[in-house]
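Just so you know, residue 1 is the first one in the sequence shown, and it goes up from there. Computed over heavy atoms, backbone and side chain alike; hydrogens, waters and symmetry mates excluded. Indexing begins at 1, ligand by ligand and atom by atom, following the structure's order.
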Amino acid sequence: MIIRKPDFDLAQATVVWSRVPEFALYWNGASAVIPYVEFYLNNVMSEVRKAKGAGDPALDAELAIFIAQERNHAHYHVAYNKRLYDAGFGALKGLIETITAELKVLRDKRSLAFNVAYCAGFENAATFTSRYLIEQCDADFAGADPAGSNLFLWHVAEEFEHRSVCHEAFNAVSGRYFTRIAGVAYAFWHINHSFDRAAKTILDVRRAGMTEAERKASRKVVAAIKRRQAWHTFPRVLSLLNPWFDPASIRPTPKIEAALAFFARAEVPQESFTDAYASRSLLGA
Ligand SMILES: [Fe+2]
Ligand SMILES: [Fe+2]
């Protein structure tokens, strides 16, 4: 794991960065929520470092990089979210306060083990999302504006890279199977519910100026996007029930490795990673 700080021009990023507007708007909803989950993750993992770091230097070192990566993700998404608020999606602010309050209740009322299991569940979901966005969504990222699209592709590539850190932190803190399953199940429900609420807020604003026929068409596109992701995720979620589940055994694909190398480069990306990868593949490089 390394810390990457790709140079995206987020101040100029477009809100509808995909040729499929609903795809961009759905993921913009996730962007609105993400920093507050990542602040929470880092808060929990900082406590794990304090409790277990001295006795497990390897885990401590991984957690330090994990926290730095998540801090960067949050920082970039906060910058991008300013674009969303400026573009007329300020209604997100009230929802973000609600979600932040839900995470605070989780942190204050539940055990450290349950909170670490929630973090592991979020990481499991992010690992599956990484495979989905990088491998299954080429048509949505083709020809996309580089800043917005690469924000998501860089983020999920690093999510794949640190896919086992919270799982290992959970094993250090508890390791109890039923606690992991309960935390993971709650995380999947809560994160999906949060992303959906944010996406609905954005899409409601977007659809306000549409005709009824356009609204219907937009709802159909979003339903297809969600169905496609559910088909990708569902069989993988079942693997989490295995008591010996080990996220490190999910190997990176060549395309995920290419994404991690692409975003480690110093220059400003002039195209989405998806386009860069496709053109190099066509050249046989
Ligand atoms: Fe992240
Ligand atoms: Fe993460």
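In terms of distance to the Fe ion (ligand 2), the nearest N, O or S atom of E123 is named OE1.
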Practice item. Please report the C-alpha distance between F39 and Y36 in whole Å, then the side-chain angles of each, then the deciding distance to 0.1 Å, and finally whether the ring-ring contact (aromatic ring centres under 6.0 Å, His included) criterion is met. Key: CA-CA 5 Å; F39 296 148; Y36 309 95; 5.7 Å; yes
Practice item. Apply ring-ring contact (aromatic ring centres under 6.0 Å, His included) to Y26 and F195, showing your working. Key: CA-CA 8 Å; Y26 183 83; F195 284 6; 7.6 Å; no
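The two residues A142 and D275 come nearest to each other via the heavy atoms CA-OD1, 3.4 Å. Shortest non-hydrogen contact noted between L260 and E158 is CD2-N, 4.0 Å.
The aromatic rings of H190 and Y118 are tilted relative to each other, their planes meeting at an angle between 30° and 60°. By the 30° and 60° cut-offs, the orientation of the rings of F8 relative to F263 is perpendicular.
Protein N, O or S atom count below 2.8 Å of the Fe ion (ligand 1): the structure gives 5.
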